[in-house]
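Heads up: numbering here begins at 1 and tracks the sequence. Computed from heavy atoms alone, side chains included, the values below leave out hydrogens, waters and symmetry copies. First listed ligand is number 1; within each ligand, the first listed atom is number 1.
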Amino acid sequence: MPSPASPVGSTTGLRSSLHDRGQRLTPQRQKVLELFERIGEGSHLGAEEVHQRLLRSEERVSLATVYRTLRLLSGMGLLQELELPEGGRRFELASDAHRDHHHLVCVRCGRTEEFENTEVLAAGEQAACSHGFRLLECVLNVRALCPDCAAG
Ligand SMILES: [Zn+2]
Ligand SMILES: [Zn+2]
């Protein structure tokens, strides 16, 4: 997990990865990526939250641009997209070291907690294998109510 003290190395990694795909790293894409790098792995943000944070750091950017940028970055594999039936879409930094984890999502407020479970991974692997599929990713999203929302 990259510490906040060493964002330079990972940014370089992302830049070269963008470069590999022949895409130009526009300042806006860079800003959005840097935002995710600053908050670190394991944080899940919706487009509105990304927009709010950019505005707070005095970036003039429209919500529509944020949506487009998020979609583009996840299409490039730099962000991972988490689709929630009620809470819309959330994005997190994609990383090989932080790949196979699962999410516990509150359907009311969108609070998202991560967890790991080797049995889920084993089940995914076994299912893929038995159908002759090659496993790429195995993520379980659990819809639930957080304690606050369950109490309300
Ligand atoms: Zn996650
Ligand atoms: Zn909740």
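A salt bridge links Arg111 with Glu113; the closest basic N to acidic carboxylate O contact falls under 4.0 Å. Between Glu81 and Arg90 no salt bridge is recorded (no basic side-chain N to carboxylate O distance below 4.0 Å).
Remark: Lys31 NZ to Thr65 OG1 distance equals 13.0 Å, nearest 0.5 Å. Note that CZ of Phe36 and CG of Leu79 are 5.0 Å apart. Values are rounded to the nearest 0.5 Å.
Angle SG(Cys106) to the Zn ion (ligand 2) to SG(Cys109): 110° [nearest 10 degrees]. Angle SG (Cys149) to the Zn ion (ligand 2) to SG (Cys146): 100°, rounded to 10°.
Tally of protein N, O or S atoms closer to the Zn ion (ligand 1) than 2.8 Å: 6.
One hydrophobic cluster holds both Val61 and Phe91 under the rule that ILVMFWY side chains link at heavy-atom gaps under 4.5 Å.
Ring pair His44/His103 is perpendicular by interplanar angle, where above 60° counts as perpendicular and below 30° as parallel.
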Evaluation steps, side chain to side chain donor-acceptor pair (under 3.5 Å), between His101 and Glu114: CA-CA 7 Å; His101 64 274; Glu114 298 189 332; 2.8 Å; yes
